[in-house]
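Below is one structure, written out as structure tokens; the observations come after it.
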Number of protein chains: 2
Amino acid sequence: MNIIYVDNNATTRVDPAVVEAMMPYYTENYGNPSSMHAFGGNVSRAISKAREQVASLINASPDEIIFTSCGTESDSTAISATISSIPDKKHIITSRVEHPAVKNLYEHLAKKGYKVTFVPVDRQGSLDLDFFYDHLTDDTALISIMWANNETGVVFPIDEITRAANDRGIVLHTDAVQAVGKIPVDVQKTNVDLLSLSGHKIHAPKGVGALYVRKGTKFTPFLIGGHQEKGRRGGTENVATIIGLGKASVLAEELVKTGMAKVGRLRDRLEKGLISRVQNAMVNGDTSSRLPNTTNISFEYIEGESILLMMNELNICASSGSACTSGSLEPSHVLRAMGIPFTAAHGSIRFSLSHYNTEEEMDFIIEKMPPIIDRLRRMSPFWNQGKPANTMLTGAECPL
Amino acid sequence: MNIIYVDNNATTRVDPAVVEAMMPYYTENYGNPSSMHAFGGNVSRAISKAREQVASLINASPDEIIFTSCGTESDSTAISATISSIPDKKHIITSRVEHPAVKNLYEHLAKKGYKVTFVPVDRQGSLDLDFFYDHLTDDTALISIMWANNETGVVFPIDEITRAANDRGIVLHTDAVQAVGKIPVDVQKTNVDLLSLSGHKIHAPKGVGALYVRKGTKFTPFLIGGHQEKGRRGGTENVATIIGLGKASVLAEELVKTGMAKVGRLRDRLEKGLISRVQNAMVNGDTSSRLPNTTNISFEYIEGESILLMMNELNICASSGSACTSGSLEPSHVLRAMGIPFTAAHGSIRFSLSHYNTEEEMDFIIEKMPPIIDRLRRMSPFWNQGKPANTMLTGAECPL
């Protein structure tokens with residue numbers, strides 16, 4: 001299928017060089033890295049190399065990298081490790097726009113007796129830092145704020161947040177799943193304690209993630225079992241995908257240095273093209289602090305799902321809200337937290353690019369989107385001859 | 001490297017047909033199964049098919065299968081789900097010979113206030129059923145007993161244990177990681193509530209497992225995040241390895257019906273050949289109730305690690321104790337629980353076969369092992385001219 005894939009914040013194409021690096025571990029090198037024999041030992045050495053590669057991507061030491069099965073497991077491990085290690089403190093600060101991997105866990109913990117403060121964002125999706133500072137307490141065990149938002153691409157002031165945590169001796173976790181591989185992430189410059197990343201967002205396969213744990217950070221395992229990962233994560237290693245994550249990290253390091261600028265130009269071309277050609281279209285999220293690959297555009301008065309279906313007919317793959325929350329007809333919790341009007345939140349489309357995208361693809365989307373929007377608006381009860389039909393709904397914010 | 005691989009209880013060769021089934025999901029079909037577009041939807045359908053294939057292998061319904069990242073995660077999920085769902089009961093029954101994936105978690109829970117009863121085994125590695133029945137109480141939340149032991153291959157009376165649990169309304173979990181794919185496992189015939197299995201023990205890749213959850217069994221997720229697996233396990237699916245597990249399940253179903261008999265004959269050939277040619281060699285584990293692919297042989301008065309190293313020189317890959325506990329010089333907890341004398345437990349080698357093994361390989365091992373054992377014994381302080389040198393150690397049981 002010849003598709004135009006602009007859904008890279010959901011998942012990415014596995015780089016062919018990554019697949020090539022993995023293949024020997026699905027064929028001749030199938031040993032268990034824990035085995036005594038050389039056949040297993042070779043595999044163990046390959047994992048060590050991958051650990052160095054992942055560490056290098058974020059300027060960590062290899063010993064600080066724990067391999068996991070996905071970003072969600074990295075997040076759960078970070079959070080569980082912290083609250084198990086600091087049982088006396090019962091307050092957690094996070095944001096209202098975290099990924100479901102984090103958000104749902106905090107909602108669960110809130111039911112279990114934790115006090116969880118969800119820091120709001122403004123209409124641009126930027127964190128309310130005053131609120132954040134006002135809610136730091138002596139009982140705060142953990143601050144967990146994403147580095148960049150998956151839906152809008154808004155990059156949070158993680159340096160400042162980390163300094164605030166460091167100054168107060170509070171553990172700082174960041175879900176950097178969307179930031180890593182798109183913008184520079186350096187744990188020496190940004191002194192986070194725990195950082196989650198995911199393979200399938202950086203052209204490695206699904207099913208592998210990593211958790212950075214700064215040396216000296218209190219830690220207790222989440223997945224208790226064998227001695228793997230130096231006793232920090234039981235379970236036989238997902239060898240091939242770990243090797244793949246290593247290779248993808250090498251490629252991502254290079255992409256961040258050179259390739260993402262091109263992606264940013266493509267994104268800007270797409271965004272400007274759409275905004276200039278479609279009436280009542282607006283960009284969601286602070287464009288001054290944003291991932292280079294992401295634009296979230298609201299096409300007012302129509303349904304994102306309908307837009308996606310018509311895009312799908314043209315083999316254009318994008319997303320409305322986060323793929324991880326699809327299946328729900330509710331507008332995205334991120335756009336709701338931003339106070340995007342109901343009529344705009346429902347019609348939002350996230351375009352998330354990669355270096356595989358081309359100018360021709362952007363121009364194709366720019367050409368095809370206006371008639372799609374036009375056709376859907378002609379069917380919309382909220383749209384009448386080029387104008388909103390029901391002004392009652394305009395500007396009404398979505399209830400949270 | 002042309003190796004003789006008899007370490008299949010540690011991990012298995014990925015079947016080439018499994019790799020072939022997986023490959024499209026590392027290349028053209030890289031969509032996220034949660035995405036709205038058809039590109040993601042196709043992937044979602046492939047996962048559904050894999051779920052049917054895994055369900056079929058154990059005669060379950062597809063809805064009862066949750067994909068996980070490994071056997072350890074399946075075990076942790078089963079145990080965590082049960083104790084979270086039944087918070088009032090604080091007693092767990094397991095065995096002294098469980099895999100570290102289970103054993104270490106129960107030891108952790110014992111420190112956290114759970115009363116954990118570890119059912120002992122006899123010299124043949126068979127469960128002490130009287131002890132088991134004697135320790136069932138009204139406070140028992142969970143019985144968790146492996147279906148077959150990874151080190152000795154001993155198959156436990158899981159039917160009887162399950163009936164005992166069912167009769168008392170106690171949740172029954174079984175770690176069937178070593179049983180599935182080697183002997184018939186049918187959850188309609190054996191009415192377990194929760195069953196763990198692992199891909200890389202049945203010629204699927206490492207990094208994927210499944211948990212069977214009988215319909216109606218109380219369940220709370222272990223990995224909390226997105227809506228995947230119907231809200232029972234957050235995190236983007238490890239698509240390719242799930243497809244691989246599906247294909248491997250189809251192959252395993254066939255192997256259990258027809259192929260394992262051949263494996264059993266190879267194992268018997270190897271076992272008889274070694275026992276008849278090596279003095280002071282003995283089989284550990286009840287040979288009347290054992291997996292067809294496993295034999296655990298003690299070569300008395302020498303070190304298993306030394307034996308493995310010399311086997312390694314000949315490219316024969318086997319294991320001493322469980323690979324998952326390697327790195328330790330302690331004899332295996334399984335052999336210690338069986339009361340195997342110290343001098344025998346240290347020199348135990350597990351040979352675990354697969355249908356890829358051949359008669360020629362068995363004959364090669366039978367030919368090469370006696371001189372290895374002989375050479376090591378000549379260096380052993382406990383062995384003198386064909387007889388144990390230090391009878392003080394003979395028969396002394398290992399301390400637990």
Side-chain angles (χ1 to χ4, degrees), chain A residues 1 3 5 7 10-14 16 19 22 26-28 30-32 34-40 69-73 75-76 100-101 104-105 108 198 200 205-208 223-227 234-241 305 308-309 311-312 317-320 323-327, chain B residues 1 3 5 7 10-14 16 19 22 26-28 30-32 34-40 69-73 75-76 100-101 104-105 108 198 200 205-208 223-227 234-241 305 308-309 311-312 317-320 323-327:
Chain A
M1 186 160 57
I3 59 157
Y5 190 77
D7 201 9
T11 197
T12 58
R13 176 180 169 192
V14 186
V19 180
M22 290 166 59
Y26 286 143
T27 51
E28 67 266 29
Y30 59 84
N32 188 321
S34 296
S35 292
M36 281 281 294
H37 41 70
F39 186 61
S69 69
C70 56
T72 298
E73 189 193 323
D75 288 333
S76 278
N104 292 348
L105 181 51
H108 171 79
S198 170
H200 77 110
K206 300 167 190 68
V208 64
L223 200 49
I224 295 172
H227 66 284
T236 297
E237 299 87 342
N238 189 342
V239 172
T241 64
E305 281 69 20
L308 284 187
L309 287 174
M311 291 169 73
N312 185 57
C317 299
S319 175
S320 69
C324 301
T325 56
S326 75
Chain B
M1 187 162 53
I3 59 156
Y5 190 78
D7 201 10
T11 197
T12 58
R13 176 180 168 191
V14 187
V19 180
M22 290 166 59
Y26 286 142
T27 53
E28 67 265 31
Y30 59 84
N32 189 322
S34 295
S35 292
M36 282 281 294
H37 41 71
F39 186 61
S69 68
C70 56
T72 298
E73 189 192 325
D75 288 331
S76 277
N104 292 346
L105 181 51
H108 171 79
S198 170
H200 77 107
K206 298 166 191 68
V208 65
L223 201 49
I224 294 172
H227 67 283
T236 297
E237 299 87 342
N238 189 341
V239 173
T241 63
E305 280 68 19
L308 284 186
L309 287 175
M311 291 168 73
N312 184 58
C317 300
S319 175
S320 68
C324 302
T325 55
S326 74

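The figures that follow rest on heavy atoms only: side chains count, while hydrogens, waters and symmetry mates do not. Protein chains get the first letters and strands the later ones, always in sequence-line order, with residue 1 at the start of each.
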### Query
Which heavy atom of B/Cys70 sits nearest a heavy atom of A/Leu223, and at what distance?
SG-CD2, 4.3 Å
### Atom group of A/Met22 that falls short of 4.5 Å from chain B, counting heavy atoms
side chain
### Query
If you take all heavy atoms of B/Lys206 and A/Gly31, which pair is closest and at what distance?
CE-O, 3.3 Å
#### Entry: Part of B/Glu73 within contact of chain A (heavy atom distance under 4.5 Å)
both
## Note on the structure
Ranked by heavy-atom pairs below 4.5 Å to chain B, first place among A/Ala240, A/Cys317, A/Pro205, A/Gly40 goes to A/Cys317
### Task
Measure B/Ser198 against the heavy atoms of chain A and call it side chain, backbone, both or neither at under 4.5 Å.
neither
### Task
Identify which part of B/Val19 has an atom lying under 4.5 Å from any heavy atom of chain A, answering side chain, backbone, both or neither.
side chain
### Task
Please step through side chain to side chain contact (heavy atoms under 4.5 Å, CB included) for the pair B/Asn32 and A/His200, ending with a clear verdict.
CA-CA 9 Å; B/Asn32 189 322; A/His200 77 110; 4.1 Å; yes
### Query
Quick one: does B/Asn312's side chain have a donor or acceptor within less than 3.5 Å of a partner on A/Ala38's backbone?
yes
### Task
Name the region of A/Leu308, side chain, backbone, both or neither, that has any atom closer than 4.5 Å to a heavy atom of chain B.
side chain
### Message
To the nearest 0.5 Å, what is the distance between CZ on A/Arg13 and OG1 on B/Thr27?
### Response
9.0 Å
### side-chain hydrogen bond (donor to acceptor under 3.5 Å, both in side chains) partners for A/Thr72, two or more places apart
none
### Task
Looking only at non-hydrogen atoms, find the nearest pair between B/Thr11 and A/Tyr30 and report the distance.
CG2-O, 3.1 Å
### Message
Could you work out, with side-chain hydrogen bond (donor to acceptor under 3.5 Å, both in side chains) as the rule, every residue matching B/Tyr26, not counting sequence neighbours?
### Response
A/Tyr26
### Over all atoms of both residues, closest heavy-atom pair of A/Ala10 and B/Ser35
CB-OG, 4.1 Å
### Query
Under 4.5 Å between any side-chain heavy atoms of B/Asn104 and A/His227, yes or no?
no
### Message
With rounding to the nearest 0.5 angstrom, report the CD to OG distance, B/Glu237 to A/Ser69.
### Response
11.5 Å
### Task
Could you grab the distance from atom CE of B/Met36 to atom CE of A/Met311, nearest 0.5 Å is fine?
11.5 Å
